[in-house]
Amino acid sequence: MKLRTVTAGPALAVLAAVTVALSALPAAASPGSSLSAPGSTLLAAPPAVSVANVNAHLQQLQTFATSNGGNRATGTAGHTATTTYLQQKLQAAGYTVTVQTCTTCSGSAKNIIADWPGGDTSNTYMFGAHSDGVSAGPGINDDGSGTASLLEAALQLAASNPTMTNHLRLGWWAGEEQGLIGSKFYVNSLTTAQKTAIKAYGTFDMIASTNGGYFVTGTDAVAVKLREYFASISVPTETSTECCSDDGSFRNAGIPSSINSTGASYTKTSAQVTKWGGTAGAAYDPCYHKACDTYPSNINTTSLGRWANAEEYALWTLTTATSTANDFSVSLGASSGAVNPGSSVTATVSTATTSGSAQTVALTSSGAPTGVTVSFSPASVTSGGSSTMTVATTASAAPGSYTITVTGTGSASHSASYTLTVNGTGACASPGQKIGNPGFETATTPWTASSGVIGANTGDGAPRTGTRDAYLNGYGSTHTDTLSQSVTLPAGCSTYTLSFYLKIGTAETTTTTQYDKLTVKAGTTTLQVFSNLNAGAYTLRSYNLAAFAGQTVSLSFTGVEDSGLKTSFVIDDTALTVS
């Protein structure tokens with residue numbers, strides 16, 4: 001997984017997805033066991049993946065690193081040994097393997113793309129992991145775990161030789177740790193028709209973190225199937241705020257994508273310990289990007305086995321003849337919102353085709369109290385599309401918390417829950433400005449940012465006022481910068497306004513293409529996406545955050561720059577004013 005620094009704060013670079021909230025804790029799994037779904041009945045019964053077989057692949061990756069300078073970084077002999085191993089195993093199992101030379105990667109490293117024969121190639125489902133590691137160590141959890149588990153899932157499908165309805169493709173990417181270079185090279189090699197044929201892509205990056213969780217981040221068909229599997233074994237999942245991996249290369253090309261992991265350098269919360277066990281306040285992977293990322297000491301065998309079987313379930317049910325009925329899923333971009341009486345709040349309702357063909361899905365709601373109305377625009381969508389839900393209240397709406405059920409009806413019915421909080425009409429208990437260090441003048445705290453973002457910048461990054469600001473990107477090469485802060489908004493106030501000044505400088509000459517982007521989010525809600533097309537002097541930007549009243553929300557800025565001409569995003573004089 002490619003993070004800028006191990007202390008980087010939350011920055012959402014991925015689509016929001018609904019959290020599967022289950023009260024039951026995951027059952028323990030013994031090392032070496034095969035994990036199948038002992039809970040609710042699944043759509044299909046794919047072959048079980050033995051974690052012992054996955055561990056055997058990890059031992060090979062450790063040997064490659066040990067024998068070649070201690071790592072498997074792109075451009076090294078350790079990485080070459082890894083890709084050769086993948087190629088040989090997959091070809092022997094019957095896959096059609098394409099060894100793609102990534103000319104933009106270090107040492108012209110190889111991407112390994114494997115296609116299983118059969119299935120409708122116009123409906124291709126793709127799964128991937130990155131085959132390289134950092135130079136600091138063997139890269140066993142990051143991302144030997146994704147590489148090995150996906151390899152074994154592929155081999156199990158090949159051994160079963162099922163009838164294929166949709167097409168299965170797998171990819172192992174070089175250059176991920178250098179900026180997602182290999183996956184970007186692959187996606188850029190595809191024609192428009194080839195991109196359209198890929199209905200979903202799921203990447204598996206770090207799935208055996210020793211203090212990890214279960215993060216499924218995306219609304220694509222792969223993510224839907226993963227959540228379905230984990231629900232069947234009573235393992236709750238969350239979305240992740242860590243960035244970034246190869247899903248971004250596919251998403252930027254318009255391909256529905258997800259990133260799936262057990263976490264990297266961010267710390268586990270007490271609430272997550274209640275769900276999954278582990279240690280609160282400690283990193284998900286204490287050996288992230290370090291020499292101690294070795295086999296077997298840095299592998300959680302339980303999560304490794306669960307993820308390997310989740311992968312098998314997803315690829316099996318999306319591509320084989322066992323899952324041909326038309327079906328879809330419904331999810332919400334935000335699972336809760338707060339509103340003052342007389343105002344309204346919105347949320348995005350997303351749908352995805354999970355099997356078969358797309359269909360018309362009619363959207364309805366239930367559970368709204370007196371004085372609250374729910375509407376959808378549009379009221380029906382083709383699965384794969386989205387709608388805006390508006391929850392409007394009258395001045396007489398009674399304060400309280402209410403559960404609204406959003407239902408999509410097509411060939412079947414699927415629902416998602418939304419918690420609405422109607423604020424009281426009392427005085428605003430805690431008005432004022434809520435962002436700490438709003439002008440970045442006192443070091444970095446409480447902001448969390450990529451290295452070098454906050455400081456006494458000059459030139460293109462000169463502050464609007466004072467001596468310091470936040471300067472994202474401006475490198476002219478593939479680069480991601482992040483900036484975030486968690487802010488608590490009191491309930492019962494009338495206005496909640498986020499504002500900041502933004503200056504965008506660019507060397508891009510296009511007037512039509514967004515090459516470099518800055519995504520501004522509140523929690524999982526995207527407020528606006530800026531790009532090189534918005535270049536200009538400092539401009540005040542303002543957003544209404546009333547929907548987050550009574551909540552603690554992460555305000556995040558994620559700048560993503562491609563490999564070409566530079567674009568800089570400079571932020572100064574932030575504020576979140578409550579009154």
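Quick caveat, the model's predicted, so the values are computed rather than measured.
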So [Y] and [X], do their side chains get closer than 4.5 Å, heavy atoms only?
| X | Y | answer |
| --- | --- | --- |
| D115 | T124 | no |
| V330 | V349 | yes |
| H289 | E177 | yes |
| I404 | V391 | yes |
| T421 | Q551 | no |
| H130 | T203 | no |
| L151 | L86 | yes |
| H414 | D327 | yes |

Is [X] reaching over with its side chain to a backbone N or O of [Y], donor-acceptor style, under 3.5 angstrom?
| X | Y | value |
| --- | --- | --- |
| D120 | T165 | no |
| T262 | A208 | yes |
| S387 | S377 | yes |
| D247 | S257 | no |
| S149 | G146 | yes |
| T524 | A334 | no |
| N166 | G119 | no |
| R227 | T237 | no |
| N211 | D285 | no |
| T351 | G385 | yes |

Does the side chain to side chain contact (heavy atoms under 4.5 Å, CB included) test come out yes or no for K268 and W276, once each step is laid out? CA-CA 10 Å; K268 179 174 278 189; W276 301 315; 4.3 Å; yes
Who are the side-chain contact (heavy atoms from CB on, under 4.5 Å) partners of [X], not counting sequence neighbours?
| X | result |
| --- | --- |
| A56 | none |
| P296 | none |
| A546 | Y496, N544 |
| A93 | Y95, L155, A158 |

Residues in side chain to side chain donor-acceptor pair (under 3.5 Å) contact with [X], at least two apart in sequence or another chain:
| X | result |
| --- | --- |
| T147 | none |
| T526 | none |
| Y284 | Q272 |
| D246 | S183 |

Rounded to the nearest 0.5 Å, what separation is found between the [atom1] atom of [X] and the [atom2] atom of [Y]?
| X | Y | atom1 | atom2 | value |
| --- | --- | --- | --- | --- |
| T558 | K517 | OG1 | NZ | 12.5 Å |
| T241 | F215 | OG1 | CZ | 7.5 Å |
| S232 | N309 | OG | CG | 10.0 Å |
| F548 | Y543 | CZ | OH | 13.0 Å |
| D220 | I259 | CG | CD1 | 11.5 Å |
| M126 | I113 | CE | CD1 | 6.5 Å |

Can a donor-acceptor pair be found between the side chains of [X] and [Y] at a distance below 3.5 Å?
| X | Y | value |
| --- | --- | --- |
| T217 | T239 | no |
| T390 | T346 | no |
| S209 | N141 | yes |
| T482 | S450 | yes |
| T353 | S383 | yes |

Give me the atom names and distance for the closest heavy-atom approach of [X] to [Y].
| X | Y | value |
| --- | --- | --- |
| S131 | A174 | OG-N, 4.0 Å |
| Q156 | A48 | OE1-O, 3.7 Å |
| I140 | Q62 | CG1-OE1, 3.5 Å |
| P378 | L363 | O-CD1, 4.1 Å |
| E312 | A154 | OE1-N, 4.4 Å |
| V422 | Y402 | CG2-CE1, 3.9 Å |

Crowded around K199 NZ? As in, over 12 foreign heavy atoms under 6.0 Å?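 Yes.
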Dump the intermediate steps for side chain to side chain contact (heavy atoms under 4.5 Å, CB included) on N55 and Y295, then the final yes or no. CA-CA 9 Å; N55 283 335; Y295 179 81; 3.2 Å; yes
I'd like to check the ring-ring contact (aromatic ring centres under 6.0 Å, His included) partners of [X]; sequence neighbours left out, ordered by chain and number.
| X | result |
| --- | --- |
| F376 | none |
| H167 | none |
| Y201 | F250 |

Residues W316, L157; criterion side chain to side chain contact (heavy atoms under 4.5 Å, CB included); working and verdict: CA-CA 7 Å; W316 184 276; L157 179 134; 3.9 Å; yes
Classify the ring geometry of F204 against F127: parallel below 30°, tilted from 30° to 60°, perpendicular beyond 60°.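 If you compare the ring of F204 with that of F127, the planes turn out parallel.
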Parallel under 30°, tilted from 30 to 60°, perpendicular over 60°: which one fits the rings of Y214 and W307?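 Aromatic pair Y214/W307 classed parallel.
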Show the numbers, then the answer: is there a side chain to side chain donor-acceptor pair (under 3.5 Å) between T488 and T552? CA-CA 4 Å; T488 299; T552 297; 2.8 Å; yes
With S413, which of T407, T364, V361 fulfils side-chain contact (heavy atoms from CB on, under 4.5 Å)?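 Between S413 and the candidates, side-chain contact (heavy atoms from CB on, under 4.5 Å) is satisfied uniquely by T407.
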Between D143 and S145, is a side chain to side chain contact (heavy atoms under 4.5 Å, CB included) present by the stated rule, with each step listed? CA-CA 5 Å; D143 182 33; S145 60; 3.7 Å; yes
